[in-house]
Every structure is written in structure tokens, then in C-alpha cells.
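Okay, handing you the structure first.
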There are 2 protein chains.
Amino acid sequence: MSGTTNSTRISLRRQETISEIVAAAWDLNRANGLGNFSMRELGTKVGMRAQSIYSYFRSKNEIFDAMFCDGNLALIETMQPSSGDGSDSEDQLELIAAMMRRFFQFCTSDPVRYQLLFQRTIPDFTPSEESFAVAQQAYDISLAPLRRLGLEGSELDLITAVMAGLVGQQISNDPHGNRWGLLIDQATSMLLKELVPDHIAPLIKGNSK
Amino acid sequence: MSGTTNSTRISLRRQETISEIVAAAWDLNRANGLGNFSMRELGTKVGMRAQSIYSYFRSKNEIFDAMFCDGNLALIETMQPSSGDGSDSEDQLELIAAMMRRFFQFCTSDPVRYQLLFQRTIPDFTPSEESFAVAQQAYDISLAPLRRLGLEGSELDLITAVMAGLVGQQISNDPHGNRWGLLIDQATSMLLKELVPDHIAPLIKGNSK
DNA sequence: GTCTATAATCTGATAGAC
DNA sequence: GTCTATCAGATTATAGAC
């Protein structure tokens, strides 16, 4: 308690309540499908009347915005390089396959989060500037290892499309299995063969069809 | 009118009204986002009271089912081979690229239809057995040219994932442009290089990286 | 900061007259 | 087959007491 003023303690308590509400909102959305929750349900879940939530969020869309921000922070956490940032090319290639697997796991482990973060499916909701900036940061961090390989522009578009496709098919057509997850390594190898410049390509292990 | 009994004419009139309602439902869903329409809006759109629609559909979900069936029939129409079914391999390869472009166009030209047909996003709606059979038929017809090349199992999964990815990224991130549409030919070539058996591969034009 | 009360409106669906 | 009338709720959000 030393050095903690009264006002910061109050503010902290408030932040805790806000986090609790956001966590409950995630739960409800996961249970009912994205967007299908009511303020009443949410209030019940956190032990309040629905109306009291308006002390913390101005509107339902502001809750979506907090979820959007929260989900992107989780993505940053997941995609953040954990160990050395590897300046030798060989390690970077396995690092990319690992990154693909981590991203796939992040997305398929929480389809509702994936839907909120990557698809535009809630009518009348647009992320605030602040949340959008977090999303931008998550995007940059996720693609950094690819950029370090010299990839850019439409090359990155092809890679993100393939990843989005594997994730989307997994979620839509085999939500309890791993049918498309099994294809990640093949897809990665295929993409690198197609896109990585010739003078780097030889460094890819097993790059011979 | 010769040979048309009275009862069939009445039945035809009824079918016309049903089609009109389904068309209006598509319009509303395209305007409001998938699932966000009310029976009242729909009634107004077709010049009825909302309650009168229940003479044609038992419930709102039955309307979704009619839309699901309708959309899959449109997909069959689109993917149906138009000309000779080509038993020479060379033509089949360009036929596949053309098929990819047609599918992409079908999906991106109507994102709400894509959402209904290929993503599970409406809570409490499951296609009826009849509609599901139509969807199955559409799937088989769409993949037939790939099967004719000898592709199967996880190979088809990789191809459908790449296509779903291009479509999904286009819809979510560039709905008014063609950023991912430009990548279809490259993606197709990449996939065929990866998947088509060596004794057929030489027939692919420009198959030399 | 949480409550009660309530505004103001929308929802899908049914019953029964015509 | 379309209508009126209505059920039996749900919804987000605000006002004001405590």
C-alpha cells in the first residue's frame, strides 16, 4: 500500500470491474454467438443490474470496442517474439512456421474472438481510433518476421490469405477437429517456395518438392 | 396455358409469391447485415403485413432455409460446366483457373450470401435435410474439375482453404476493391505446382517458377 | 456506484374475422 | 390469403432516489 494514493486505488478498483465486465462479455458472446448478448444477461453475469453497467460503458458498442482492443492485445501477446530475434536466416524460417502455428492456434481456439477481430460482422460497430491503433500494432508485429525475410505487398497478401483460409475452413467446417491445422506446414513450405527470393530459398530445409 | 390445371396455376402463383419473399429477404439482409431483418420489415417490403408471411413460411428460420437453398442453387448454376467437359488435360488446367475466378466472383459479389452459405453465423439456424442436400451437390459440382485431375482428400482441403482465404480477405479487408482477386492466378499456379502429380505437371503452362 | 422505475420501441408468433 | 388485434415478451437506454 506504500505510495499508493487513494485516488489511484479507486481507479484501480474501477479498472478491475471494467475487466470483469469485459471478461463476462467474452463468455456470453462465446456462448450465444458474437453479438448475441443483452445488457441484462451481462449485468446478471457480473452481479449487477443491467443499468449499472452504463456507469462503466456509455453503450453496448463501447463494450464491443473494449473487447476488440482486448482481443488485439492478446494477439500481440501471442505473436510477440519470445526469444532472440534471430538475425541468421536459417532460424527465421522455422520461426515462421512456428509463427503460423501460433496464429492458427490463437484464432481457432476462440472463433468468436476471431470473428470480432478479423471479420466485419457486427452492424453499427466500428472500432475507435485507439482500438484500431492496437489492431494495427498487432498486424505489424505479426508480419514482422515475414518482412524480415524481404516479403512485402502482394506477397504478404497471399500469405495472410492462405492463413485466413486455413483458419476459416477449420472454424466453419471442422470446429472440433484439426483437419486444416494439419496443412499448416505444407502451406508454409508451399508459400516460401513460391515467394522467397532465390538467393535465400536454398536455406529452407527440404526445399525440393 | 394449354394443359395447365387450375390447381397447378394456383400453386404457381404461390411459388411466385414465395420467390418474391425470398428475394426481398435477400435485399434486407444485404442492407442490414445477415440475420438483421424483422418480419415486419419483410412484410412491408413485399406489401403485406408481417403476419401474412406466416402463410408462406412457418418461421423466420424457414426463410433462412429457403435463402440457403436458393443461394446454393445459384452456386450450382455458376459452377456448372458450361461447355465440353474436356477429357484432354491441357484444357482442364485453364478450366480450373477459370473456375477459381468464377467462384471468387460469386462469393465476393454478394458477401451476405457467402456468409450464409459458407460460415455458421446465424444462431439457432440449421439447414433442413433438403437444403443440405443441395449444398452437398453444389460442393461436388464445384470440386469435380479438381477431382478429374486426380486431386482428393487433404489436397482438396488445401485448395478450398486458399480459395476461402482469398475470398475472406477480399470481403473483410477490401470490400470495394480487388486486392486479393489479383492473386487468384498466382495462387492457382502455386497450388497446382504443389499438388499435381509429376506426370501431369508438365502440361501446366508456365510451370517453371 | 448501484438501485428502482420506466420510457419507448421492437421482437416473433398466434387467433380468429372476413 | 390477408387482415386486425394481441400476446408475451425482449431490447437499449435514461432519470432520479439513495
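Just so it is clear: chains get the letters A, B, ... in the order the sequence lines come, proteins before strands, and each one is counted from 1.
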Set out, in order, the CA-CA distance, both residues' side-chain angles and the distance that settles side-chain contact (heavy atoms from CB on, under 4.5 Å) for B:Thr188 and B:Ile184, then state yes or no. CA-CA 6 Å; B:Thr188 306; B:Ile184 296 177; 4.0 Å; yes
Would you please classify the geometry between the B:Phe103 ring and the B:Phe106 ring as parallel, tilted or perpendicular, with 30° and 60° separating the classes?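 Parallel: the ring planes of B:Phe106 and B:Phe103 meet at under 30°.
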Outermost nucleotides of DNA chain D that come under 4.0 Å of a non-hydrogen atom of chain A: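 So the contact region on DNA chain D extends D:dT11 to D:dT14.
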Return the set of residues passing salt bridge (Lys or Arg N to Asp or Glu O under 4.0 Å) with B:Arg147 (not counting sequence neighbours), or none when no residue passes.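 By the salt bridge (Lys or Arg N to Asp or Glu O under 4.0 Å) rule, B:Arg147 matches no residue at all.
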Show the numbers, then the answer: is there a side-chain contact (heavy atoms from CB on, under 4.5 Å) between B:Ile122 and B:Phe68? CA-CA 12 Å; B:Ile122 297 178; B:Phe68 183 81; over 6 Å; no
Under 3.5 Å, is there a donor on one side chain and an acceptor on the other for A:Asn173 and A:Trp180?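 Their side chains do not contain a donor-acceptor pair, so the 3.5 Å distance test is not met.
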Does the gap between the ring centers of A:Phe37 and A:Phe64 come in under 6.0 Å?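 Yes, the ring of A:Phe37 comes within the 6.0 Å limit of the ring of A:Phe64, centre to centre.
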Starting at CG of B:Asp124 and ending at P of C:dG12, how long is that distance when rounded to a whole Å?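 Taking atom P of C:dG12 as the reference, CG of B:Asp124 is at 13 Å.
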Strictly below 4.0 Å, heavy-atom distances to any atom of DNA chain C: list the hits from residues 32-49 of chain A, or just say none.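 Listed by number, they are A:Met48, A:Arg49.
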Can you list everything that forms a salt bridge (Lys or Arg N to Asp or Glu O under 4.0 Å) with B:Asp140? Sequence neighbours excluded, please.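 So B:Asp140 forms no salt bridge (Lys or Arg N to Asp or Glu O under 4.0 Å) with any residue.
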Distance-only donor-acceptor check, side chains A:Ser154 and B:Gln186, under 3.5 Å: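 Not at all, the side chains of A:Ser154 and B:Gln186 share no donor-acceptor pair under 3.5 Å.
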Less than 3.5 Å apart, which donor and acceptor atoms pair up between the side chains of residues 51-59 of chain B and the rest of the protein, not counting sequence neighbours?
from    : atom 1 : to      : atom 2 : distance (Å)
B:Ser55 : OG     : B:Ser52 : O      : 3.1
B:Ser59 : OG     : B:Asn61 : N      : 3.4
B:Ser59 : OG     : B:Glu62 : N      : 3.3

Does any donor atom in the side chain of A:Gln115 or A:Asn29 lie under 3.5 Å from an acceptor atom in the other side chain?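 Short answer, no.
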Name every residue in residues 55-65 of chain B that has at least one heavy atom under 4.0 Å from any atom of DNA chain C, in order of residue number, or write none if there are no such residues.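 Those residues whose heavy atoms fall under 4.0 Å from DNA chain C, taken from residues 55-65 of chain B in numerical order, are B:Ser59, B:Lys60.
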